[in-house]
Amino acid sequence: MSDEKTAAAPRSLAEALRARDDASLAALLRSRPDLITPVPTDLTQLATRAGTRASVVRALERLDRFALQTAEALAVAGDPATYEELLGLIAGDAQDPPVAAALPRAVATLREQALVWGGDDRLRLVRTARELLAPSPQHPSPTGLGPTVREATSGMSPGRIQEIVTTAGLPSTHDSVSAVDSLTALFTDRRRMAALLAGAPADSLDVLGRLVWGPPYGQVTPDPAPRLRWLLDRGLLLPTAPGTVVLPREVALHLREGRAHRAPEPVPPAVEPEVAHRPQVVDATAAGQAHTALATVEELLKDWDEGGPNVLRAGGLSVRDLKRTAVALDVSEPVAAFWVELAYAAGLLASDGEADERYAATPAYDEWLERPPAERWALLAETWLTATRTPGLVGGRDAKDRALSALGPGLDRSAAPEVRHRVLTLLAGLPEGGAPSVESVLARLRWERPLRGPQRAPDEDDLRGRLARWTLSEAELLGVTGRGALSAHGRALLGPRPSAKGGVKARSRTTAATPAAPVPTGPEGAGDKLPVHKHHRAPEASRPETEAQPQPRQLQPDPEPGPLSPSEQAVASAAAARLLAPLLPEPLDHVLLQADLTAVAPGPLRRPLADTLGVLADVESKGGATVYRFTPGSVRRALDAGRTASDLHAFLAAHSRTPVPQPLAYLIDDVARRHGHLRVGAASAYVRCDDDALLNEILADKRSAGLRLRRLAPTVLATQADPATLLEGLRAMGYAPAAESAEGDVLIARADSHRTPPRTAPEPVPDGPPAPDATLLAAAIRAIRAGDLASTAPRKPTTAQVAGGELPRTSSAETLATMQAAVLTGEALWIGYVNAEGAASQRVIAPIRVEGGFVTAYDHTADEVRTYPLHRVTGVAELADDQI
């Protein structure tokens, strides 16, 4: 490397960030949004924050498998490492071509995320990442490698080290340091190491074979067997504690042919279609399931119209109520939990907030019912795609071993929206009508977000895997997919996607790796709006990057779009509704009445017809056609709702394609004749009837004993029971009483009478800070650049600085004189400033006017003209002429 390149090489992560352009900084902040909350004051603070443990852990967890393997290899390489050394650890001595081809992309990803910095000749893993990934007895490395020879022999006596060196066939040295260097050189020399192992006993090689891929630690007795003694004497196994030995890293790498990982995975596993269906069949199947989904949600909330189950004290639905709901919907309990949670997340049901708190439909449910079916489905699908509520957890246990109940706390999982979107995106990448196997989808997701730590088979602890399985089943229930393949309206729900040729297939989104436009920089990047002074120096970040800092953005693979913003999702949902609408069955305005007191609806019914028929009859069976049965109770329910017998006859005649059967007409007339003959009011409750013989009949009936009725007058009976209990008791005896008000009017009971107060849908729990938008990124980068300029601009030495002070400290007279001189000369100054809250900061300003105890100046740090009280300026210093 030339002297010029050496001089340009960054000496810290902060310098490496300072050498980036604004597009690269925007990519970093977009991929690691925690770094921008709050906005760092300068690039040094940004680098410090990027190296904190919490931020590094989060960044590592979002790496794909090969990028993580690359970081793990760097953690066991030298510090710094060359690109060739890293290539050897990843691709092995054989230089596996696919691995070698994918490595530049992985290194670029690590650089972009500020986990690696430095040129190809001096690659450095961020210190915190090295601490997390490097091997240690407490935290074994996923590579299965152990400590180096130097680390393993750090506590060994010099005499024992010399014995090992001599036994290994090396000349003795005068100190332990050179002896360890000599032993390390032997173990890293492929030819000499092969010659040493050629003389090893076969059973000794078997021992090495058991340790080579990890774990590298083993147990030995105080008197080791000959096969172990041979290895211990030559340092091929080194003691780390009494009874414990370890395979040195250099020996393991020789036996592995230089590879840090047994199976590097440079290429993501493909998601291939397992079954192919015609797209028309997929769309029709999904549309049918979407119609069923709407009917299921309506049935659920109609069942809870007059008040649903009680709310548990700890919140949520009881196991018994969930079972009852599952029976009512004719589904399994997990599926019932899904529909209940979906309606809750969509804001269609909530708790009513009463003293005896119950679940009920919200006013939003009535508005939802008035919308076209396709739009109602789009709301459910959009809610499902973006909600963090996870119904699949219902029935499990939380970290404190408490049961997780439907509608209860503890069901939010912030990763759920991302996993759902990614699973559907993988399905969208297949040919239309293609349905993949579940295992291929899970394998791809595990590659994109591997479990950190020792390699292990995925199990129930893999939350992302479980979320993916639930996504596939829930998408089928909701009608987003049909027969396992993504439907056309499900594809539209994801929004437009970039095409393979780089154009826009349906949506063009800016990825984290390739911003759509350069982000404005500090003052020098703002064009004519900002004054440029002769002492104003352009920041180093605006200069072209050196060869030591390649642009990682050009090497990003598979730029799949992420979840949409709320406005984009609304547009996508509307497009999905337009595609689904022609596939849904057209609502009918008629039914077929039959002589067995049933009515057959050969398809979905229009809203007024469905509502009225739902009150007048009971649903007997569902499917392609719905069968309703008329009973005395159902007819009485319609009469209670304010209908008259003539209204019901007219309604049936108007909406039936067959003549109204005589048995049904007789049923309506018979129930109507008896309906309201008895009147129930509050005494606690009373019964009145003009026919005293009927009241005598009630008193004589043994079934009325529980009501404890007594006669107040020939036409009036009274009881201590409440009116509702009295109504139910008389109806159970076969009578048809009607409730009346205090004025004697018949009370009309409507099925939709109970609603909660207006409620907002539950907000999703974010997975960390939200991704910044372009406006925030532009403002943040401008502020960071300006703050960095203020903190790094060279200053002329002042008396206070010579004495050791960092923040300028000058007297009021000196401050005023320097400010006034700068107004005349147009020079920029470096000031220390303390705001009204007592927070101190450094700023670079160009004074414009000084009067009345205030200085008006263009503030390069804030990128605007500001006025500052002079008494809050702690000191002032001129910027160095030869540096700016």
Side-chain angles (χ1 to χ4, degrees), residues 284 287-306 328-331 361 365-366 368-377 479 580-673 675 736 748-752:
Q289 191 56 48
H291 171 68
T292 303
L294 294 177
T296 303
V297 173
E298 289 181 39
E299 184 178 357
L300 166 68
L301 295 176
K302 187 180 296 183
D303 188 49
W304 291 5
D305 261 347
E306 298 180 3
L329 298 179
D330 193 21
V331 295
Y365 169 62
D366 299 310
W368 180 74
L369 286 177
E370 298 301 321
R371 300 169 68 175
E375 292 184 15
R376 285 189 278 137
W377 176 86
L580 177 63
L583 302 176
L584 292 174
E586 189 69 26
L588 303 177
D589 61 353
H590 66 273
V591 295
L592 306 175
L593 295 177
Q594 303 185 104
D596 60 350
L597 297 180
T598 61
V600 177
L605 300 177
R606 290 184 178 175
R607 175 61 48 203
L609 173 57
D611 291 343
T612 303
L613 193 60
V615 176
L616 180 58
D618 298 323
V619 176
E620 188 170 81
S621 66
K622 297 177 293 184
T626 304
V627 178
Y628 294 86
R629 178 164 294 280
F630 299 94
T631 65
S634 67
V635 174
R636 186 185 66 241
R637 188 169 62 231
L639 295 173
D640 287 342
R643 298 277 185 166
T644 65
S646 59
D647 292 338
L648 298 181
H649 286 301
F651 168 78
L652 293 175
H655 293 95
S656 176
R657 290 291 177 89
T658 58
V660 178
Q662 196 174 49
L664 178 56
Y666 286 165
L667 174 64
I668 293 173
D669 291 339
D670 183 56
V671 174
R673 183 171 55 255
H675 184 265
I748 297 175
R750 302 194 181 278
D752 58 351

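These numbers come from a predicted model, not from an experiment. Each residue takes its place number in the sequence, starting with 1.
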Next item on the list: Check the surroundings of atom CZ in Arg371: do more than 12 heavy atoms from other residues, nucleotides or ligands lie under 6.0 Å from it?
Entry: yes
Margin query: Rounded at 0.5 Å granularity, tell me how far OG1 in Thr658 sits from NE2 in His590.
Written below: 9.5 Å
Note to self: Would you compute the distance between atom CG of Leu652 and atom CG of Leu613 and round it to the nearest 0.5 angstrom?
What the structure shows: 8.0 Å
Item checked: For Ala638 against Val615, the heavy-atom pair lying closest together -> CA-CG1, 3.8 Å
Note to self: Between His291 and Leu583, is there a side-chain heavy-atom distance shorter than 4.5 Å?
What the structure shows: no
Margin query: On a heavy-atom basis, which atom in Ala610 and which in Leu605 lie closest, and how many Å separate them?
Written below: CB-CB, 3.9 Å
Check: With side chains defined as the heavy atoms from C-beta onward, is the minimum distance between Trp368 and Leu294 less than 4.5 Å?
Finding: yes
Item checked: Closest heavy-atom pair and its distance - Val600, Ala625 -> CG1-CB, 4.1 Å
Next item on the list: Keeping the roles fixed (side chain from Ser656, backbone from Leu592), state whether a donor-acceptor pair exists under 3.5 Å.
Entry: no
Item checked: Minimum heavy-atom distance between Ala645 and Ala672, given as atom pair plus value -> CB-CB, 3.6 Å
Check: Which atom names give the shortest non-hydrogen contact between Leu584 and Ala287, and what distance separates them?
Finding: CD2-O, 3.6 Å
Check: Crowded around Asp670 CG? As in, over 12 foreign heavy atoms under 6.0 Å?
Finding: yes
Note to self: Closer than 3.5 angstrom, by distance alone: can the side chain of Arg643 be matched with the main-chain N or O of Val635 as a donor-acceptor pair?
What the structure shows: no
Note to self: With rounding to the nearest 0.5 angstrom, report the CG to CZ distance, Leu593 to Phe630.
What the structure shows: 5.5 Å
Note to self: Working to the nearest 0.5 angstrom, can you tell me the gap between Arg636 CZ and Leu667 CG?
What the structure shows: 11.0 Å
Item checked: Expected output: side-chain Arg606 to main-chain Asp589 donor-acceptor under 3.5 Å -> no
Note to self: Within this structure, what is the CG-NE2 distance for the pair Leu609 and His655, rounded to the nearest 0.5 Å?
What the structure shows: 5.0 Å
Next item on the list: Please name the pair of heavy atoms, one in Pro585 and one in Pro604, separated by the smallest distance, quoted to 0.1 Å.
Entry: CG-CG, 3.7 Å
Notebook entry, point to check: Could you give the distance from CD (Gln662) to CG (Asp669), rounded to the nearest 0.5 Å?
Noted result: 10.5 Å
Check: So do Tyr628 and Val591 actually touch side chain to side chain, heavy atoms under 4.5 Å?
Finding: no
